[in-house]
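Down below is the structure, laid out as structure tokens.
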Amino acid sequence: SSAILAIAPALLCLLFLRVRWQVVVAMAAAFLLPVIAYASWFNSKHGFYAVNGFGGQFLYARVAPFADCGEFDVPEQQRVLCESTPPDARPPIDAYMWDNAVSPLYDLELEEGQRRPAVAGSFARRVILHQPLDYAEAVFSDFLYGFSPTHSRRPRDPPLTQWQFQRDFPVF
């Protein structure tokens, strides 16, 4: 999860404040030990170390809105993930992640033992390798949006009600 990256500014702050090295080690341990323990438990249940099983799927959802499969070779199995729809007309990231009626991710034909997130992650890494500037632009713009002083809803963002407490379980 990207929340794990919160350790970097915390450690930098401690280093900037010139605290004793023991404090830095204690802070790092306080962050990392629970994550390592959880990843170990996750491995015992699912057979691989992670904090969730959707890493490749999240990465695919991030690159799908701009992926241009005409720029690189795509393995036969992953070609279903290539879209001919112009990038401006493609669905938002959230739809690529969760909407099985919209996302080509759910049309993948998996071989025995394959996991959908792993195949999606392989495709996404191929896109990033061949379109690094597009990926950097997408990540950087989302990063800046996260720190903007006002939060307005962008046209392709999920509905705000998705982030609000509900009386009933909402279906988006």
Side-chain angles (χ1 to χ4, degrees), residues 1-67 72 75 78 81 92-99 103 105-106 108 110 113-154 156-166 169-170 172:
S1 162
S2 60
I4 294 170
L5 296 177
I7 190 172
L11 291 175
L12 285 173
C13 181
L14 291 178
L15 291 172
F16 180 72
L17 294 173
R18 298 176 193 231
V19 299
R20 295 185 330 247
W21 67 269
Q22 295 94 333
V23 174
V24 175
V25 169
M27 171 77 80
F31 269 87
L32 295 176
L33 287 177
V35 173
I36 291 168
Y38 181 80
S40 297
W41 171 83
F42 194 92
N43 178 53
S44 73
K45 293 292 184 189
H46 302 284
F48 60 97
Y49 288 95
V51 292
N52 70 52
F54 293 105
Q57 199 164 327
F58 283 121
L59 192 56
Y60 164 73
R62 187 67 204 92
V63 303
F66 63 81
F72 55 94
Q78 296 175 7
L81 300 176
I93 294 169
D94 210 42
Y96 282 106
M97 184 65 193
W98 304 113
D99 193 338
S103 179
L105 183 61
Y106 296 95
L108 266 177
L110 301 174
Q114 282 187 319
R115 294 177 40 256
R116 186 175 316 282
V119 176
S122 173
F123 174 82
R125 285 185 292 280
R126 188 172 272 107
V127 171
I128 293 167
L129 182 65
H130 289 89
Q131 295 179 258
L133 296 178
D134 292 331
Y135 179 68
E137 179 185 355
V139 170
F140 189 66
S141 69
D142 282 353
F143 177 80
L144 288 179
Y145 176 72
F147 287 97
S148 62
T150 60
H151 284 277
S152 57
R153 187 173 175 277
R154 298 178 295 184
R156 296 166 58 99
D157 284 348
L160 292 177
T161 54
Q162 180 172 332
W163 308 108
Q164 297 170 340
F165 288 107
Q166 307 290 323
F169 185 75
F172 296 101

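Counting begins at 1 with the first residue of the sequence. Note: hydrogens, waters and symmetry copies are ignored here, and every other heavy atom, side chains too, is used.
- Contact record, Y38 with V51: CE2-O, 3.2 Å, taken as the closest heavy-atom pair.
- The main-chain N or O of F66 is found under 3.5 Å from a side-chain atom of Q131 such that the two form a donor-acceptor pair.
- Contact record, F48 with G53: CZ-CA, 4.0 Å, taken as the closest heavy-atom pair.
- Listed for the R116 side chain is a donor-acceptor partner under 3.5 Å among the backbone atoms of L105.
- At least one donor-acceptor pair closer than 3.5 Å links the side chain of Q57 to the backbone N or O of M97.
- At least one side-chain heavy atom of R62 sits under 4.5 Å from a side-chain heavy atom of D142.
- Contact check for Y60 versus S103: side-chain heavy atoms found under the 4.5 Å cut-off.
- Shortest non-hydrogen contact noted between A29 and P34 is O-CD, 3.9 Å.
- Shown here is Q114, whose CD atom has more than 12 heavy atoms of other residues, nucleotides or ligands within 6.0 Å.
- At most 12 non-hydrogen atoms from other residues, nucleotides or ligands lie less than 6.0 angstrom from OH of Y49.
- The distance from atom OH of Y135 to atom CG of L129, rounded to the nearest 0.5 Å, is 13.0 Å.
- No side-chain heavy atom of V127 sits less than 4.5 Å from a side-chain heavy atom of L59.
- In this structure, the separation between CZ on R115 and NE2 on H46 is 9.5 Å, given to the nearest 0.5 Å.
- When ring centroids are compared, F54 and W98 come within the 6.0 Å threshold.
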